[in-house]
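Values below: every heavy atom of this structure, side chains too, minus hydrogens, waters and symmetry copies.
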There are 2 protein chains.
Amino acid sequence: MLMEKHTAFETEITRAGEFAPALSLGSLFQAQPAETLGSGKALFWEGDPTNHLFEIAEGVIRLYRIIGEGRRVITAFLFPGDIVGASLQDRYLYTAEAVTDCRIRRIGRKTFHDEVSRSPCLRPDLIALLCRETAAAHDQMVLLSKKNAEERLCSFLHDLLRRGPAGAEEIGAVSLPMSRLDIADYLGLTIETVSRTITKLANRGVLTPVGRHEIRILQPRRLAHLSGDGRDGASLH
Amino acid sequence: MLMEKHTAFETEITRAGEFAPALSLGSLFQAQPAETLGSGKALFWEGDPTNHLFEIAEGVIRLYRIIGEGRRVITAFLFPGDIVGASLQDRYLYTAEAVTDCRIRRIGRKTFHDEVSRSPCLRPDLIALLCRETAAAHDQMVLLSKKNAEERLCSFLHDLLRRGPAGAEEIGAVSLPMSRLDIADYLGLTIETVSRTITKLANRGVLTPVGRHEIRILQPRRLAHLSGDGRDGASLH
DNA sequence: CGACTAGTTGACATGAATCAAAACCTGTGG
DNA sequence: CCACAGGTTTTGATTCATGTCAACTAGTCG
């Protein structure tokens, strides 16, 4: 996923086994003023010329494409610390829209490339960023291609749990700022199926919904198992 | 897709509206001896350290991941001129296997990065390559997430037609070196559904199968329409 | 507090998966 | 050159997961 940890941009200890956030690249944005973007507003549209790269300072962004009549595919959610635009050429391939009120910083595409060219130490970070995007895209293809509704939901929640604020993982708190429709369009399902699947997992004691925008994971290991990512299909008790 | 045109690597006129192949990057491989890889043999395995980048000189390669019991997801097919490995860090994220007998060239990862660092003119090509991979991944997510069996098949054939040898497009000839199972695992369907969908399209006069490994497209415009990529759902008579 | 939208639940429809069998290529040996 | 053996592909019958349509419920925000 394009999702990073919900972290600030300063140098920070990353938890073992995780990708290090693109801190050095993030520092390019530091000097820029933060702009605000109200919930539901677009940061850019699919097809717009890619004049800028953005870093999310606060809030959540969805990236999506529309095909045909009313079919929307959300390809990623972006969280604080994430950067969007690095893997694009002349045109944006998707629309970016604020899920919640956001604060973002931007730099010009040309400036970005110049900076990366000038300081060779940024290049590994850029490569790492692009690799993470690629890896996320591959995971999503696997999810969409071979996982059932339950596995999709569990993968999604498991991801949010791992990438959420460090303290929250311990108590199993996952915040879901996006709507059920957003989740559905991200997972290739319908709202109804998302809703039913959450209910089913709640009945089985894997999790409990807390209001509309939070879920408490009661059995994190079981959740990980149900996400279908393990090397085998062994059941957990 | 990671699919490029079936072209040699020299400078070449590309057809209007297409991405220019990464010619300059390809030239890095020119000096290397071509290795042969028999059909069905692996070029590398998911999880192997990424010591090399490869360029396909001849033949077709499939990239795939396995999840759980026997679920295989083909994330891309590679054709002559394509390069694999540029968007990877320390480990391959997928297995690469020869669909047909192949000839390939390799260069070391370090050499590759050194060369790109040394000659700034290669950098735009690398970026273009990564962008194409990203764009292909996004298209595939849309396909897997929102398209039905017929749209998937048509998208796939349409792609092969566009990217196939220049002469073949005129007569609507699409060669399918891969098995039905490969196609199914690429499109997120089963062999039976792939087969049935081809039959249905044949009955409607959109195409005719020619043996097992070729399909003649009779109505290319209709095929494009059925792929569901258009901005609207308007029907073609 | 009340109205509106988002989410849940239920009944039913359907496209694709599954299971099973027949037809078709492909390559091999007589 | 033909027959046969192997796997691959096609076709058919049935099942099942998820989508669709519709009603109900519960958050949320003024």
*Between A:Tyr92 and A:Phe44, does the ring centroid distance fall short of 6.0 Å?*
yes
*Can you tell me the distance, in whole Å, between the CD1 atom of B:Ile198 and the P atom of D:dT9?*
9 Å
*Does A:Thr190 place a side-chain N or O at less than 4.0 Å from the phosphate oxygens OP1/OP2 of D:dT20?*
no
*Using a cut-off of less than 4.0 Å, is there contact between a side-chain N or O of B:Thr193 and OP1 or OP2 of C:dA17?*
yes
*asked:* Just the rounded figure in Å: distance from C1' of D:dT10 to CG of B:Leu181.
replied: 15 Å
*Any salt bridge between B:Arg62 and B:Asp185, counting N to O under 4.0 Å?*
no
*Please give, in whole Å, the distance from C:dC25 C1' to B:Glu214 CD?*
16 Å
*Write down the distance between CZ (A:Arg212) and C1' (D:dA26), rounded to a whole number of angstrom.*
6 Å
*Does the C:dG10 base have a donor-acceptor partner in the side chain of A:Arg196 within less than 3.5 Å?*
yes
*Answer yes or no: is there an ion pair linking B:Asp82 with B:Arg132, defined by an N-O contact shorter than 4.0 Å?*
no
*Row check, B:Tyr94 ring normal vs B:Arg65 NZ/CZ: under 6.0 Å, within 45°*: no
*For A:Arg152 and D:dT18, give me the distance from atom CZ to atom P, rounded to whole Å.*
8 Å
*asked:* Quick check: on DNA chain D, is the nucleotide nearest A:Gly211 upstream (toward 5') of the one nearest A:Glu150, or the reverse? Name the residue that is more 5'.
replied: A:Glu150
*Whole angstrom is fine here: how far is it from CG in B:Leu144 over to C1' in C:dA16?*
15 Å
*asked:* Rounded to whole Å, how long is the line connecting atom CG of A:Leu189 with atom P of C:dT8?
replied: 14 Å
*Please determine, for the side chain of B:Glu192, which listed nucleotide (D:dT10, C:dG7, C:dC19) has the closest atom?*
C:dC19
_Looking at C:dG7, I'd like to know if its phosphate oxygens (OP1 or OP2) sit under 4.0 Å from a side-chain N or O belonging to A:Ser195._
no
*Rounded off to whole Å, could you give me the CZ-to-C1' distance for the A:Arg180 and C:dG7 pair?*
7 Å
*Is the shortest distance from a Lys or Arg side-chain nitrogen in A:Arg105 or A:Glu35 to a carboxylate oxygen in the other one below 4.0 Å?*
no
*Do any side-chain nitrogens or oxygens of A:Thr199 fall under 4.0 Å of OP1 or OP2 in C:dT8?*
no
